[in-house]
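Attaching a single structure in C-alpha cells format; questions to follow.
The figures that follow rest on heavy atoms only: side chains count, while hydrogens, waters and symmetry mates do not.
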Amino acid sequence: MSYQEKKIMVSMISSILIFTLYTLYAIQHAEAGSITSASDFRFWGSFILVLLPVSIAAKIIIHIGFVIFNKIATNEDEPSFEDEFDKIIELKADRISLYVFFFGFILSMIPLVTELPTYITFLVLIFFGFLSDLMGRIAQLHFYRKGV
C-alpha cells in the first residue's frame with residue numbers, strides 16, 4: 001500500500017472514530033437534560049461549533065501520530081511534494097465530496113418547508129457533513145488504486 005493510501009485509510013478511520021465518539025458524548029449530554037427540547041437551537045449550534053475544532057485538532061494529532069508511527073515502522077518519509085496525479089485525485093475527490101454535501105444540504109431544507117421537526121435539519125446537515133468527508137476519502141482511495 002502506498003503512503004497516500006495509508007494516509008487516507010487513517011483519515012477515514014479517524015473521521016469515523018471522532019464522529020462516533022463525539023456524537024455519543026453529545027447524546028449523553030442531551031439525555032442528561034442539558035437541552036430543554038429536541039429542537040433547541042442552542043444545543044445544535046453548540047454541537048456543530050464544538051465538533052469542528054474538536055475534529056480538526058484530533059485529526060492533526062492523529063496525522064502527526066501516523067507520520068511518526070509510519071516512520072518507525074517502515075522507515076518511509078512523508079513525500080515532500082505532490083505531483084499532478086495527486087492534485088487531480090484530490091480535485092476529483094473534493095468534487096464528489098461537495099456533491100454529497102450539497103445533496104444533504106438540499107435534503108436538510110425539507111423539514112423547514114414541511115411539518116417535520118426542525119432538529120431533523122441539523123441531523124441531516126451533520127450526517128451529510130460526515131458522509132461527504134467519508135465519501136471524498138473513499139473516492140481518493142479508489143482513484144489511487146484504479147487510476148483517474
> With Glu5, which of Arg137, Arg145, Lys146 fulfils salt bridge (Lys or Arg N to Asp or Glu O under 4.0 Å)?
Replying inline: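 One option only clears the test, and that one is Arg145.
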
Using a 3.5 Å cut-off and no angle test, enumerate the donor-acceptor pairs between side-chain atoms of residues 87-100 and protein atoms at least two apart in sequence or in another chain.
residue : atom : partner : partner atom : Å
Ser97   : OG   : Ser132  : O            : 2.9

> Who pairs with Phe127 by ring pair (Phe, Tyr, Trp, His ring centres under 6.0 Å), at least two apart in sequence or on another chain?
Replying inline: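 Phe127 satisfies ring pair (Phe, Tyr, Trp, His ring centres under 6.0 Å) with no other residue.
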
> Are side-chain heavy atoms of Tyr3 and Val67 found at a separation under 4.5 Å?
Replying inline: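 Side chain of Tyr3 against side chain of Val67, heavy atoms only: contact under 4.5 Å found.
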
> Counting only N and O atoms by type, is there a donor-acceptor contact under 3.5 Å from the side chain of Thr74 to the main-chain atoms of Lys71?
Replying inline: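 Side chain of Thr74 to backbone of Lys71: no pair is present.
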
> Would you say Val10 and Phe130 are hydrophobically clustered, going by side-chain heavy atoms of ILVMFWY under 4.5 Å?
Replying inline: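 Result: no, two separate clusters.
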
> Would you say Ser11 and His63 make side-chain contact, with heavy atoms under 4.5 Å?
Replying inline: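 Of all side-chain heavy-atom pairs linking His63 with Ser11, none is under 4.5 Å.
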
>> Apply side chain to side chain contact (heavy atoms under 4.5 Å, CB included) to residues Trp44 and Thr121 and explain how you reach the verdict.
In response: CA-CA 10 Å; Trp44 292 108; Thr121 297; over 6 Å; no

>> Using the rule that Ile, Leu, Val, Met, Phe, Trp and Tyr join whenever any side-chain heavy atoms are under 4.5 Å apart, tell me whether Phe102 and Leu131 fall into a single cluster.
In response: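 Cluster IDs for Phe102 and Leu131 differ.
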
> Among the clusters formed by ILVMFWY side chains lying less than 4.5 Å apart, do Ile110 and Phe122 turn up in the same one?
Replying inline: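 Per the 4.5 Å side-chain linkage, Ile110 and Phe122 are co-clustered.
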
>> To the closest 0.5 Å, what do you measure between CD1 (Ile138) and CE (Met12)?
In response: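 If I round to the nearest 0.5 Å, the distance is 4.5 Å.
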
> Does any donor atom in the side chain of Lys7 or Ser2 lie under 3.5 Å from an acceptor atom in the other side chain?
Replying inline: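 Looking only at side-chain atoms, Ser2 and Lys7 do not form any donor-acceptor pair under 3.5 Å.
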
> Which ILVMFWY residues can you reach from Phe69 by hopping between side chains whose heavy atoms are under 4.5 Å apart?
Replying inline: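 Same cluster as Phe69: nobody, lone residue.
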
> Honestly curious: do Ile72 and Phe66 fall in one hydrophobic cluster under the side-chain, below-4.5 Å linking rule?
Replying inline: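 Per the 4.5 Å side-chain linkage, Ile72 and Phe66 are not co-clustered.
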
>> Show the nearest heavy-atom pair for residues Pro117 and Pro111, with the distance to one decimal.
In response: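 Closest pair (atom of Pro117, atom of Pro111, distance): O-CB, 3.7 Å.
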
> Can you find a pair of side-chain heavy atoms, one from Phe19 and one from Asp133, that are under 4.5 Å apart?
Replying inline: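 Side chain of Phe19 against side chain of Asp133, heavy atoms only: no contact under 4.5 Å found.
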
> Do Leu51 and Ile48 have side-chain heavy atoms sitting under 4.5 Å apart?
Replying inline: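 Side chain of Leu51 against side chain of Ile48, heavy atoms only: no contact under 4.5 Å found.
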
>> Same cluster or not: Ile62 versus Leu17, using hydrophobic residues (I, L, V, M, F, W, Y) connected whenever any side-chain heavy atoms lie under 4.5 Å apart?
In response: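 Different hydrophobic clusters.
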
> Are any side-chain N or O atoms of Ser46 and backbone N or O atoms of Arg42, one a donor and one an acceptor, separated by less than 3.5 Å?
Replying inline: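 Yes.
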
>> With side chain to side chain contact (heavy atoms under 4.5 Å, CB included) as the test, pick out the partner of Thr20 among Thr23, Ile16, Ile18.
In response: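 Exactly one pass, corresponding to Ile16.
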
> What are the two closest non-hydrogen atoms of Leu125 and Phe101, and how far apart are they?
Replying inline: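 So the two residues come closest at O-CE1, 4.2 Å.
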
>> Any side-chain to backbone donor/acceptor pair from Ser108 onto Val124? Under 3.5 Å, distance only.
In response: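 Looks like no, no N/O pair under 3.5 Å.
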
> Taking side chain as C-beta onward, heavy atoms only, is Phe103 less than 4.5 Å from Phe128?
Replying inline: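 Phe103 vs Phe128: side chains touch.
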
> Does the side chain of Gln140 come within less than 4.5 Å of Gln4's, by heavy atoms?
Replying inline: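 Contact flag for Gln4/Gln140 side chains = no.
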
>> Just verifying a value: how many Å separate Ile56 CD1 and Ile61 CD1, rounded to the nearest 0.5 Å?
In response: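 So the CD1 of Ile56 and the CD1 of Ile61 are separated by 12.0 Å.
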
> More than 12 foreign heavy atoms under 6.0 Å from CZ of Phe105: is that the case here?
Replying inline: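 No, because the 6.0 Å sphere around CZ of Phe105 holds 12 heavy atoms or fewer from other groups.
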
> Roughly how far, to the nearest 0.5 Å, is NZ of Lys6 from CG of Leu141?
Replying inline: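 So the gap between those two atoms works out to 13.0 Å.
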
> Parallel, tilted or perpendicular for Phe85 and Tyr144, by the 30°/60° rule?
Replying inline: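 Plane angle over 60°, so perpendicular.
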
